[in-house]
There are 2 protein chains.
Amino acid sequence: MNIGEAAEQSGVSAKMIRYYEQIGLVSAPRRTDSNYRVYGDDEVHVLRFIKRARTLGFSVEETGTLLALWRDKTRASAEVRDIASTHIEALETKIAELQGMVKTLSHLVHCCHGDNRPDCPILDDLAGAPARKGH
Amino acid sequence: MNIGEAAEQSGVSAKMIRYYEQIGLVSAPRRTDSNYRVYGDDEVHVLRFIKRARTLGFSVEETGTLLALWRDKTRASAEVRDIASTHIEALETKIAELQGMVKTLSHLVHCCHGDNRPDCPILDDLAGAPARKGH
DNA sequence: ATAGACCTTCCAACGATGGGAAGGTCAATG
DNA sequence: CATTGACCTTCCCATCGTTGGAAGGTCTAT
């Protein structure tokens, strides 16, 4: 199949498939006489693996590691679990960070009357005004 | 003061101050005869505003809008609140997304025995194997 | 033959930041 | 006065993952 169909079947855009090939995440496929890339079910399977890993927030590099482990039948699953666990920690750190932002902003929005008066606690906060107590 | 001190006082790196100037987020400051940028407390105040907005996860573009509203004494605070509310929604969407990843990954890690056997539910999942029921 | 839907490579952009080179300037010291 | 080291200037490049487009070749159907 051509790259377009491989893209459709894997959920990875043709652009990205070429990019993944370029950076060595996937190997270069066979070409037709007219230089078209030709993919089979195996390649699509790999692309789907990549798509899923990316969806789960693994970086392309981490995805490459997971892919190598996937292909390595003798790997220790502990290694995979470590990568996943580390990744979960990173995700949770990010979540906590975003939640901190939401908390601060929610407080400010709550304090902001939101009518047409120019007085605005949100801008006051951004400008560095000391927070008033008791909401 | 020079850019270095402005950076130190505002928490925005000298690199970024120049970048913000380049993209028009802040206006070009006065220069000395030797072409050094000269900043005063007002500029530092603006930079701190920017720093705070960025820390709260606003994009540089959103920060520019907030900055304009800050300078506009006649603005409606409702407008600011809308920007903040929209931003909170975006943050919460992102959080939910990350939490979905964590949930899936946690489940997989939980299912993964993590010893030296090559059988690994995480890789099975990434490879698209149907999930087994009852953990 | 021609249209239009594919494919190819190459180049650039995004957003925000950091790194570094090559060179000018300032302050303090020997 | 000269040197040193810390600062400043502009300019270009890299990151990460992805998308867009241009310019051109190929395939299929009418």
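Here is how names work: the chains are called A, B, and so on, in the same order as the sequence lines, proteins then strands, and each is numbered from 1. All values reported here derive from a predicted model rather than from experimental measurement.
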So if I take every side-chain heavy atom of [X] and compare against [options], which nucleotide ends up nearest?
| X | options | answer |
| --- | --- | --- |
| R37(B) | dT10(D), dT25(C), dT9(C) | dT10(D) |
| I3(A) | dT9(D), dG17(D), dT8(C) | dT8(C) |
| R18(A) | dT19(D), dT9(C), dT25(C) | dT9(C) |
| R31(A) | dC7(C), dT9(C), dG17(D) | dT9(C) |
| Y19(A) | dT9(D), dG17(D), dC7(C) | dG17(D) |
| R54(B) | dT25(C), dC8(D), dA16(C) | dA16(C) |

> dC8(D) phosphate, OP1 or OP2: any side-chain N/O from S34(B) under 4.0 angstrom?
Replying inline: no
> Between S13(A) and dT19(D), does any side-chain N or O lie under 4.0 Å from OP1 or OP2?
Replying inline: yes
Using whole Å, report how far [atom1] of [X] lies from [atom2] of [N].
| X | N | atom1 | atom2 | value |
| --- | --- | --- | --- | --- |
| K51(B) | dA16(C) | NZ | P | 13 Å |
| I17(B) | dT9(D) | CD1 | C1' | 14 Å |
| L47(B) | dT17(C) | CG | C1' | 16 Å |
| N35(A) | dT9(C) | CG | C1' | 9 Å |
| Y39(B) | dT9(D) | OH | C1' | 12 Å |
| F58(B) | dG15(C) | CZ | P | 17 Å |
| D33(A) | dG25(D) | CG | C1' | 14 Å |
| I23(A) | dG17(D) | CD1 | P | 7 Å |

>> Looking at R18(A) and E21(A), is there a salt bridge between them, counting it only when a charged N and a carboxylate O are closer than 4.0 Å?
In response: no
State, with a plain yes or no, whether a side-chain heavy atom of [X] is found less than 4.5 Å away from one of [Y].
| X | Y | answer |
| --- | --- | --- |
| R31(B) | V38(B) | no |
| Q99(B) | L91(A) | no |
| H87(A) | L105(B) | yes |
| D41(B) | M1(B) | yes |
| S59(A) | E62(A) | yes |

> When F49(B) is tested against each of W70(B), Y20(B), F58(B) for ring pair (Phe, Tyr, Trp, His ring centres under 6.0 Å), which residue passes?
Replying inline: W70(B)
> Starting at the 5' end of DNA chain D, what dot-bracket string do you get if Watson-Crick and G-U pairs under 3.5 Å are bracketed, crossing pairs use [ ], other-strand pairs use | and unpaired bases use dots?
Replying inline: ||||||||||||||||||||||||||||||
> Does the dG17(D) base have a donor-acceptor partner in the side chain of Y20(A) within less than 3.5 Å?
Replying inline: no
> If each of K15(A) and Y36(A) is mapped to the nucleotide of DNA chain C with the nearest heavy atom, which maps nearer the 5' terminus, i.e. the 5' end?
Replying inline: Y36(A)
>> side chain to side chain contact (heavy atoms under 4.5 Å, CB included) for K51(A) and S10(A)? Distances and angles first, verdict last.
In response: CA-CA 7 Å; K51(A) 176 70 178 179; S10(A) 65; 5.8 Å; no
> With a 4.0 Å cut-off on heavy atoms, is T32(A) in touch with a base, just the backbone sugar-phosphate, or nothing at all?
Replying inline: nothing
